[in-house]
Amino acid sequence: MATEIVDSKSRITARQTPIMHNPIVRQLAVMLGIALSVALGVSIVLWSQTPSYGLLYGSLSQKDITEVITALDQAGIGYKIDEGSGALMVPSAQLHEARMKLAGQGLPRSNSIGFELLQEESGFGTSRALEAARFHKALEGELARTISTLANVESARVHLATPKQSVFVRKKKIPSASVVLKLYPGRVLEQGQVTSIVHLVASSVPELEPGKVTLIDHKGNMLSNPADSREMMLTASQFDYTKKLEEHYRLRIEDILTPILGIDNVRAQVTAEVDFTVTEQTQERFNPDLPALRSEQVTEQASQLTAAQGVPGALSNQPPAAGTAPEVAGGEGANAAAGTPLNSSKRATRNYELDKTISHTRLSTGDLRRLSVAVVVDDRLIADAEGAVVRSERTPEDISRITQLVQEAIGFNVQRGDSVKVINASFMVPPVPEPLPEVPLWEQPWVWDLAKQVGGVLLVLFLILFVLRPTMKRLSAPPVIEKISAEEAGGENAESLDGGGTRALGQDREHMQLAGPEKYADTLDAARQMVADDPKRVAQVVKRWIAEEES
């Protein structure tokens with residue numbers, strides 16, 4: 001339905017769409033627009049406040065994920081788990097902090113499976129070969145875990161080759177092992193640590209010799225040499241001992257000179273000649289001044305015979321004459337008087353023990369044979385008359401005092417052939433290191449977070465100013481009175497006019513806008529009220545209508 005105002009020159013028609021100008025529909029549209037705008041604004045704000053996440057760990061076992069999440073909760077660091085890949089994500093600004101705290105707690109642990117594999121229930125038809133393989137796998141996992149506890153080792157993998165032994169085979173096969181280590185960036189293993197890992201693996205597997213253990217790092221570098229002989233191992237130990245001895249003397253020299261010359265004004269090097277010869281000697285000594293009778297054997301024989309008389313034969317072999325008692329009994333005198341020959345012999349054997357000493361001596365190795373010391377000291381820094389710092393060479397007296405201090409620090413021995421040389425030289429001033437390249441601004445996490453917040457604010461303002469505000473203004477605007485000339489109307493009935501031949505008064509700031517009531521009388525009263533309120537403006541509008549119709 002349309003309402004019109006008719007005068008002699010032109011006709012004013014107020015037209016409105018029934019649905020859009022229905023108060024209930026307009027209220028519902030306003031409320032729906034407000035709700036959608038608020039929901040969209042809240043979503044944008046939440047999105048802008050959500051921090052950007054970075055990858056902490058890509059693939060972890062369930063046990064490691066539980067431990068890592070517990071540690072992150074205790075540290076107050078947020079996290080989320082990617083549903084697609086299962087990766088653990090943390091805010092980009094806290095990524096390095098999270099890794100440092102987890103590394104301090106030894107997390108994540110190795111993904112290897114140890115003896116807990118044996119606790120799994122085995123099926124009814126499990127064979128001995130399968131049980132042996134499970135034990136083999138569990139032993140490898142336990143060794144890998146143990147090696148991973150070292151400070152420089154990030155992870156480890158152990159492969160054991162244990163051939164099956166048989167009592168029917170004369171020549172037994174020796175087991176062997178291979179160990180692959182992944183070291184932390186910038187870390188290396190010393191020879192002593194390599195030897196410790198090799199002996200650890202060898203001691204954990206029966207009949208495994210250290211020479212059969214191969215150790216490499218994740219870059220493919222051979223860390224152990226299975227062909228090392230005992231002599232080479234001793235040589236390496238001797239070299240380490242010599243290096244430690246030289247380092248000990250060097251530190252003693254620097255400790256005594258640093259308080260005097262400054263920490264950056266002295267450099268010292270020590271060369272030690274160490275005798276690693278192994279000497280054993282056995283010595284046996286006798287003392288002739290202290291003899292001792294150990295045993296003695298004396299043998300003595302004596303015999304007495306009658307003198308033979310006459311010519312040998314039967315006549316001379318007559319019985320002896322009757323004996324007569326001598327006047328003097330016994331003694332050589334009686335025998336001689338009797339004229340009886342005497343035969344005697346005496347033999348003595350005596351064994352003496354001398355004082356004897358037997359000593360077995362094993363001389364100690366690592367005997368220090370000679371020390372050579374070289375010390376370089378920097379020039380003195382003194383201020384001149386103008387206050388500028390200049391370099392000055394040290395006097396011979398200063399060099400002599402420094403030499404005496406060095407000799408006393410190392411225990412200088414002339415008979416041993418030690419030598420100490422101290423010189424003065426100007427040290428080169430180290431160049432100022434170039435600053436580290438800064439991370440580009442667009443790669444820093446806080447920039448993206450700030451960009452998201454600023455973008456969210458701008459998007460909310462855009463929705464308010466260019467979407468919500470025009471929509472609400474259009475919905476809450478009153479109907480517009482349209483001016484239609486009589487010629488354009490094409491008849492007396494204004495209700496038959498359509499929107500194609502109308503022109504909104506709101507397009508001209510001087511056109512009149514009426515509230516468009518349903519009754520003609522009300523519209524006429526509103527027009528009269530406008531004429532009464534602002535007659536000049538109404539007159540200008542009428543004049544413009546007349547001018548437009550005349551033209």
Checklist entry - Looking at residues at least two apart in the chain, or sitting in another chain, which of them share a salt bridge (Lys or Arg N to Asp or Glu O under 4.0 Å) with Asp418? => result Arg416
Give the table of side-chain donor-acceptor pairs shorter than 3.5 Å for residues 255-270, with sequence neighbours excluded, one pair per line with atom names and distance.
unit_1 : atom_1 : unit_2 : atom_2 : d
Thr258 : OG1    : Glu254 : O      : 2.5
Asn265 : ND2    : Leu261 : O      : 2.5

Next on the checklist: Nearest 0.5 angstrom please: Ile410 CD1 to Arg250 CZ, how far?
Outcome noted: 14.5 Å
Checklist entry - Is any side-chain N of the basic residue among Arg145 and Glu142 closer than 4.0 Å to the acidic one's carboxylate O? => result yes
Next on the checklist: Just so I know, are the side chains of Lys182 and Asp217 near enough to count as touching, which here means a heavy-atom distance under 4.5 Å?
Outcome noted: no
Checklist outcome for this item: Nearest heavy-atom contact between Gly78 and Pro91 is O-CD, 3.1 Å
Checklist entry - Knowing that exactly one of Ile423, Asn424, Ile399, Val406 qualifies, which makes a side chain to side chain contact (heavy atoms under 4.5 Å, CB included) with Val375? => result Val406
Item to check | From CA spacing to verdict: side-chain contact (heavy atoms from CB on, under 4.5 Å), Ile69, Ile81 | outcome: CA-CA 10 Å; Ile69 288 177; Ile81 300 177; 3.9 Å; yes
Item to check | Reported CG-to-CD1 distance for the pair Leu95 and Ile77, which is rounded to 0.5 angstrom | outcome: 9.5 Å
Checklist outcome for this item: One should read off an interatomic distance between Thr146 OG1 and Ile197 CD1, to the nearest 0.5 angstrom, of 11.0 Å
Checklist entry - Which atom pair, heavy atoms only, marks the closest approach of Ala151 to Arg187? => result O-NH1, 3.3 Å
Checklist entry - Would Val188 and Asn152 count as a side-chain contact (heavy atoms from CB on, under 4.5 Å) if you check the C-alpha gap in whole Å, the side-chain angles of each, and the deciding distance to 0.1 Å? => result CA-CA 7 Å; Val188 294; Asn152 296 340; 6.0 Å; no
Checklist entry - What are the two closest heavy atoms between Val158 and Ala144, and how far apart are they? => result CG2-N, 3.8 Å
Checklist entry - What is the minimum heavy-atom distance between Ile382 and Ser392, and which atoms define it? => result CD1-CB, 3.8 Å
Item to check | Polar side-chain atom of Gln193 near backbone of Glu190 as donor-acceptor pair, under 3.5 Å | outcome: yes
Item to check | More than 12 heavy atoms of other groups within 6.0 Å of Glu284 CD | outcome: yes
Checklist entry - Do you see a donor-acceptor pair shorter than 3.5 Å between the side chains of Ser372 and Arg370? => result yes
Item to check | Sub-4.5 Å side-chain heavy-atom contact between Lys421 and Val373 | outcome: no
Item to check | Asp378/Arg394 ion pair, N-O < 4.0 Å | outcome: no
Next on the checklist: Can you tell whether the side chains of Glu246 and Lys243 come within less than 4.0 Å, N to carboxylate O?
Outcome noted: no
Checklist entry - Would you say His248's side chain and Lys244's backbone share a donor-acceptor pair under 3.5 angstrom? => result no
Item to check | salt_bridge(Glu97, Lys101) N-O dist < 4.0 Å | outcome: yes
Item to check | Minimal non-hydrogen separation, Ala156 against Ser148, with atom names | outcome: N-OG, 3.4 Å
Checklist entry - Under a 4.5 Å cut-off applied to non-hydrogen side-chain atoms, are Lys346 and Thr299 in contact? => result no
Checklist entry - Can you tell me how far CZ of Arg391 sits from CZ of Phe427, rounded to the nearest 0.5 angstrom? => result 9.0 Å
Checklist entry - Any luck finding a side-chain donor-acceptor pair between Asp379 and Ser426 under 3.5 Å? => result yes
Checklist entry - After noting the C-alpha distance and the side-chain angles of Leu181 and Ile216, does the key distance pass the side-chain contact (heavy atoms from CB on, under 4.5 Å) rule? => result CA-CA 6 Å; Leu181 302 179; Ile216 64 175; over 6 Å; no
Next on the checklist: Under 3.5 Å, is there a donor on one side chain and an acceptor on the other for Asp73 and Thr70?
Outcome noted: no
Checklist entry - side-chain contact (heavy atoms from CB on, under 4.5 Å) between Tyr249 and Leu371: does it pass, once the steps are laid out? => result CA-CA 10 Å; Tyr249 281 110; Leu371 282 177; 3.8 Å; yes
Item to check | Non-hydrogen side-chain atoms of His136 and Leu160 separated by less than 4.5 Å | outcome: yes
Checklist entry - Which pair of non-hydrogen atoms, one from Val201 and one from Ala177, has the smallest distance, and what is that distance? => result CG1-CB, 3.8 Å
Item to check | Atom pair CD (Glu296) and CZ (Arg350), whose distance is rounded to the nearest 0.5 Å | outcome: 4.0 Å
Next on the checklist: Atom CD of residue position Glu280 - does it have more than 12 heavy atoms of other residues, nucleotides or ligands inside 6.0 Å?
Outcome noted: yes
Item to check | Side chain proximity check, Ile174 to Leu208, heavy atoms < 4.5 angstrom | outcome: no
Next on the checklist: Regarding Glu273 and Arg369, does a basic nitrogen lie under 4.0 Å from an acidic carboxylate oxygen?
Outcome noted: no
Checklist entry - What distance do Leu189 atom CG and Asn221 atom CG have between them, rounded to the nearest 0.5 Å? => result 11.0 Å
Checklist entry - Are His159 and Ser178 linked by a side-chain donor-acceptor pair shorter than 3.5 Å? => result no
